[in-house]
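One structure is given here, and the rest of the page talks about it.
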Number of protein chains: 2
Amino acid sequence: MKNNNVFLEKLRSSGLILTKQRIEICKFLFDRKETFHFTINDLQSILRKRSNEKISLATIYNTVHTFKKKGFLKEILINSNSNSNSNYFDTNVSNHHHFFDESTNELIDLKDSDVGDIKIKKNITKKKIKSIEVLVRLAK
Amino acid sequence: MKNNNVFLEKLRSSGLILTKQRIEICKFLFDRKETFHFTINDLQSILRKRSNEKISLATIYNTVHTFKKKGFLKEILINSNSNSNSNYFDTNVSNHHHFFDESTNELIDLKDSDVGDIKIKKNITKKKIKSIEVLVRLAK
DNA sequence: AATTAGATTAGAATAATTCTAATATATTGA
DNA sequence: TCAATATATTAGAATTATTCTAATCTAATT
Ligand SMILES: [Mn+2]
Ligand SMILES: [Mn+2]
Ligand SMILES: [Zn+2]
Ligand SMILES: [Zn+2]
């Protein structure tokens with residue numbers, strides 16, 4: 001394998017070492033057109049099925065957090081139902097809005113154009129706004 | 001003490017037993033005018049300082065989750081900074097928007113009137129919208 | 001007031017996450 | 001080219017967060 005695919009480009013240009021664990025994870029996460037949302041456990045069980053080379057759970061945590069730090073992933077916390085929370089990661093790292101479908105536990109990107117402009121009317125503090133994100137919950 | 005204060009009224013009317021642990025927690029959380037946002041660990045260390053009767057951490061979890069189930073508290077998950085998340089609980093149980101100040105890790109309620117109406121333009125699914133909430137992050 | 005059924009507490013068990021010693025990779029200079 | 005060394009990464013161990021459940025407490029019934 002030449003490892004010169006486009007989805008490895010970000011890894012290659014990041015300064016991170018291209019280890020077989022990272023290549024495997026990178027291949028799965030970034031070789032796709034659409035945004036992908038996943039939890040650490042989703043990722044571990046998918047990787048287990050795809051390959052017989054075991055990647056330790058600690059390494060999956062390490063890699064996902066490293067990718068987040070590099071700006072390749074974004075973390076989205078969701079109160080998924082009355083008794084459990086989920087830490088999702090998102091291959092769409094831009095500021096963007098979400099639907100969360102409580103019947104399927106699916107997190108779905110909303111385009112900016114799907115949500116009207118949001119204007120914060122009262123400037124309660126003088127501090128600079130870093131992001132404004134909307135979460136729309138769909139009932140069960 | 002008569003335990004007939006207004007902040008105990010919700011507990012009294014909920015069908016839950018008024019134990020000394022719950023009364024202590026209820027007294028601290030609900031005997032106030034303003035919304036209060038806290039984490040489990042915030043609450044534990046505050047309760048430790050206020051009283052010399054130890055309440056076990058498991059009981060604090062139990063009580064907070066019980067209060068949430070009864071609708072006295074609401075859980076708000078925040079990606080507080082690049083390397084840590086927080087499970088806040090909120091004494092304001094209505095659907096409402098928040099500021100999160102990354103320099104102080106403070107979560108602050110936004111009034112509906114402080115945020116313009118939000119209109120979801122594309123009805124991506126046919127499912128009913130349960131809530132729409134905005135999180136505004138203030139930069140460090 | 002004793003008996004019983006059900007609710008609650010809190011230490012024990014488990015699950016989630018992070019730490020760090022061992023290993024792997026990259027860099028340097030003979 | 002290839003040791004030697006420095007730096008980065010991996011993954012099992014340790015720790016922290018959360019849940020489970022047996023012992024205890026409370027309320028209802030007689
Ligand atoms: Mn958690
Ligand atoms: Mn967590
Ligand atoms: Zn997304
Ligand atoms: Zn709030």
Side-chain angles (χ1 to χ4, degrees), chain A residues 3 8 10-29 38-45 47-48 51-70 72-73 75-89 105, chain B residues 3 8 10-29 38-45 47-48 51-70 72-73 75-89 105:
Chain A
N3 286 340
L8 286 176
K10 46 174 61 168
L11 184 49
R12 204 184 303 283
S13 67
S14 71
L16 294 171
I17 293 172
L18 276 75
T19 64
K20 65 183 196 307
Q21 292 88 343
R22 283 180 181 156
I23 290 169
E24 190 67 24
I25 293 172
C26 197
K27 197 181 292 186
F28 174 66
L29 291 180
F38 64 97
T39 66
I40 294 283
N41 287 309
D42 290 343
L43 185 56
Q44 182 183 45
S45 62
L47 291 172
R48 274 214 185 116
S51 160
N52 39 14
E53 307 277 330
K54 184 201 170 190
I55 299 177
S56 99
L57 183 57
T59 297
I60 296 174
Y61 273 97
N62 286 339
T63 303
V64 165
H65 287 144
T66 300
F67 285 179
K68 179 184 169 189
K69 211 165 297 168
K70 285 290 176 183
F72 303 157
L73 291 172
E75 193 166 8
I76 312 283
L77 302 179
I78 300 280
N79 209 211
S80 42
N81 63 59
S82 55
N83 40 213
S84 87
N85 304 322
S86 302
N87 296 22
Y88 284 88
F89 291 85
N105 273 23
Chain B
N3 285 340
L8 286 177
K10 45 174 61 169
L11 184 50
R12 203 183 304 283
S13 66
S14 69
L16 294 171
I17 293 171
L18 276 75
T19 64
K20 64 182 196 306
Q21 292 89 341
R22 283 181 181 156
I23 290 169
E24 190 68 22
I25 293 172
C26 196
K27 197 182 292 187
F28 174 66
L29 291 180
F38 64 97
T39 66
I40 293 283
N41 287 309
D42 291 343
L43 185 56
Q44 182 183 43
S45 62
L47 292 173
R48 273 213 185 117
S51 161
N52 40 14
E53 308 277 331
K54 185 202 169 190
I55 300 177
S56 99
L57 184 56
T59 298
I60 296 174
Y61 273 96
N62 286 339
T63 304
V64 165
H65 286 146
T66 300
F67 285 179
K68 179 184 169 190
K69 210 165 298 169
K70 285 291 178 185
F72 303 157
L73 292 172
E75 193 166 7
I76 312 281
L77 302 179
I78 299 279
N79 207 211
S80 43
N81 62 59
S82 53
N83 41 213
S84 87
N85 304 322
S86 302
N87 295 23
Y88 285 88
F89 291 86
N105 272 23

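Every chain is numbered from 1, with letters handed out A, B, ... down the list of sequences. What you see below is based on every heavy atom in this structure, not just the backbone, and it leaves out hydrogens, waters and symmetry mates.
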Rounded interatomic separation in angstrom, taking [atom1] from [X] and [atom2] from [N]:
X: B:L43; N: D:dA17; atom1: CG; atom2: P; answer: 15 Å
X: A:H65; N: C:dT18; atom1: NE2; atom2: C1'; answer: 10 Å
X: B:K69; N: C:dA7; atom1: NZ; atom2: C1'; answer: 13 Å
X: A:I40; N: C:dT18; atom1: CD1; atom2: P; answer: 9 Å
X: B:L18; N: C:dT9; atom1: CG; atom2: C1'; answer: 15 Å
X: B:F89; N: D:dA17; atom1: CZ; atom2: C1'; answer: 12 Å
X: A:Q44; N: C:dT17; atom1: CD; atom2: C1'; answer: 13 Å
X: A:Y61; N: C:dT18; atom1: OH; atom2: C1'; answer: 10 Å

Taken to the nearest 0.5 Å, the spacing of A:K70 NZ from A:T66 OG1 works out to 9.0 Å

Any chance you could list the contact pattern along nucleotides 9-16 of chain D? Use B for base contacts, S for sugar-phosphate-only contacts and - for none, protein heavy atoms under 4.0 Å, 5' to 3'.
SBBB----

Can you list the residues that meet the side-chain contact (heavy atoms from CB on, under 4.5 Å) rule with B:N79, with sequence neighbours excluded?
A:K68, A:E75, A:L77, B:N85, B:R137

Using the side-chain contact (heavy atoms from CB on, under 4.5 Å) criterion, which residues pair with B:K54? Sequence neighbours excluded.
none

Should A:N87 be listed as having a side-chain N or O under 4.0 Å from OP1 or OP2 of C:dT17?
yes

Does B:Y88 offer a backbone N or O that forms a donor-acceptor pair with the side chain of B:S86 under 3.5 Å?
no

Can you check whether A:I17's main-chain N or O pairs, donor with acceptor, with A:R22's side chain at less than 3.5 Å?
yes

Just by distance, with hydrogens left out, do B:N62 and B:T59 show a side-chain donor and acceptor under 3.5 Å apart?
no

